[in-house]
Protein chains: 2
Amino acid sequence: MNAKTNPSYLALNTYTKLMRAAESVTNRVGRTMSAAGLTISQFGVLEALHHKGPLCQRDIAAKILKSTGNITLVIDNLEKQALVKRERISEDRRYLTVTLTESGETLIRTVFSDVESAIVTEMDSLTSEEQETLGMLSKKLGLPEGK
Amino acid sequence: MNAKTNPSYLALNTYTKLMRAAESVTNRVGRTMSAAGLTISQFGVLEALHHKGPLCQRDIAAKILKSTGNITLVIDNLEKQALVKRERISEDRRYLTVTLTESGETLIRTVFSDVESAIVTEMDSLTSEEQETLGMLSKKLGLPEGK
DNA sequence: CTCATATAGTTTGATATCAAATGATATGAC
DNA sequence: GTCATATCATTTGATATCAAACTATATGAG
């Protein structure tokens, strides 16, 4: 049985192409973030705060799919740059509420718009119909295991 | 202009779904590797050696799209587990040839086959035709910038 | 041959990431 | 009220990753 007649061939081939696509796009879009001095996670945190308003670290972690231990460090680094601040304003004193500072708000507005443009540029190699199809197929694959 | 009439909406939406799909699949397939005590990069190195035979670090880095500095450490860790060995067999004494040991060869055979199965399982949520379409669209997106 | 330059690999320093352990606080059972 | 348990955050230790500096070796120009 040669490679192309192996019944797994199609699946493996599709997988490889999907991974390459995701990686290429991530790298290119990521440049827009690093040009602004942000890592992808940092951008994710700022973007979450920008769209959802102040959040506790637990919720931020859930939103960007990282561990809470990880978020602690990401927030540390954002705080050093004075882009966010931590406050204990909830009644439950275990919660730290993370808020964008003014400069954080300004930065994320600009960078978010730049990233948006970069994504649109990336997707421009597909027609609208192709984008819809890709979105639909990706969604099927991305569903949690149980389906 | 609300979200859905924004001309960027489709692109952003497609992007998000693509990223989620890639991440979900990577995480699920990655479990097969970590079950064998391998990181994704370590698996990548072993797999490259398995399919291409002995390689120098430079070529391994190129194959799995990581920096050579990075490969040094990955190989260090594989060497500690006695899965690969470094030898200076090229005429050019700058080159280190990395080879699978017998236990490395045995391990990668098993794990590769498990990973293959995991990928096939993942792709099973799509029909063959859908997989072909996804592959084709991914390929368009994954092309280097110049196209 | 000698020197400049290029290349292979290593090391270092920074950030990211997770998992596991820990500390602080809140909550529920009694 | 007190104790057991759960939750939020931090810390620690491991690996991963990149970029930049560095070492050793090779190669080409003269």
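Order of the sequence lines fixes the chain letters, A, B, ..., with proteins taken first and strands second; residue numbering starts at 1 for each chain.
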*Asks:* I need the CD1-P distance between A:Ile60 and D:dC8, as an integer number of Å.
*Replies:* 13 Å
*Asks:* Which heavy atom of B:Leu141 sits nearest a heavy atom of A:Leu126, and at what distance?
*Replies:* CG-CD1, 4.0 Å
*Asks:* Can you list, in residue-number order, the parts of residues 66-90 of chain B that come under 4.0 Å of DNA chain D, counting heavy atoms only?
*Replies:* B:Lys66, B:Ser67, B:Asn70, B:Leu73, B:Asn77
*Asks:* With heavy-atom distances below 4.5 Å as the criterion, would you say the side chains of B:Asp59 and B:Cys56 are in contact?
*Replies:* yes
*Asks:* Can you pull out the residues from residues 32-49 of chain B that lie within a 4.0 Å heavy-atom distance of DNA chain D?
*Replies:* B:Thr39, B:Ser41, B:Gln42
*Asks:* Using modelled atom types and a 3.5 Å cut-off, is there a donor and acceptor pairing between side-chain atoms of A:Thr101 and backbone atoms of A:Leu83?
*Replies:* yes
*Asks:* Of the residues in residues 92-99 of chain A, which ones touch DNA chain D at a heavy-atom distance under 4.0 Å?
*Replies:* A:Arg94, A:Tyr95, A:Leu96
*Asks:* I need the full list of salt bridge (charged side-chain N to carboxylate O under 4.0 Å, His left out) pairs touching residues 92-106 of chain A, with sequence neighbours left out, sorted by first then second residue.
*Replies:* A:Asp92-A:Arg94, A:Glu105-A:Arg109
*Asks:* Going by heavy atoms in the side chains, are A:Gln42 and A:Leu46 under 4.5 Å from each other?
*Replies:* no
*Asks:* Treating A:Gln131 as the side-chain partner and A:Met123 as the backbone partner, does any N or O pair qualify as donor plus acceptor under 3.5 Å?
*Replies:* yes
*Asks:* Please list all pairs meeting salt bridge (charged side-chain N to carboxylate O under 4.0 Å, His left out) that have one or both residues in residues 69-82 of chain A, counting only residues at least two apart or in different chains.
*Replies:* A:Asp76-A:Arg86, A:Glu79-A:Arg86
*Asks:* When you measure from the side chain of A:Thr68 to the backbone of A:Ala61, do you find a donor-acceptor pair of N or O atoms at a distance under 3.5 Å?
*Replies:* no
*Asks:* B:Phe112 vs B:His50 aromatic rings, parallel, tilted or perpendicular, using cut-offs 30° and 60°?
*Replies:* tilted
*Asks:* Between the side chain of B:Thr99 and the main-chain N/O of B:Glu87, is any donor-acceptor distance below 3.5 Å?
*Replies:* no
*Asks:* Which two nucleotides bound the region of DNA chain C that has atoms under 4.0 Å from heavy atoms of chain B, read 5' to 3'?
*Replies:* C:dA6 to C:dT11
*Asks:* Search all heavy atoms of B:Gly142 against all heavy atoms of A:Ser24 and return the closest pair with its distance.
*Replies:* O-OG, 3.1 Å
*Asks:* Using every non-hydrogen atom in the two residues, find where B:Lys63 and B:Ala48 come nearest and quote the distance to one decimal.
*Replies:* CG-CB, 3.9 Å
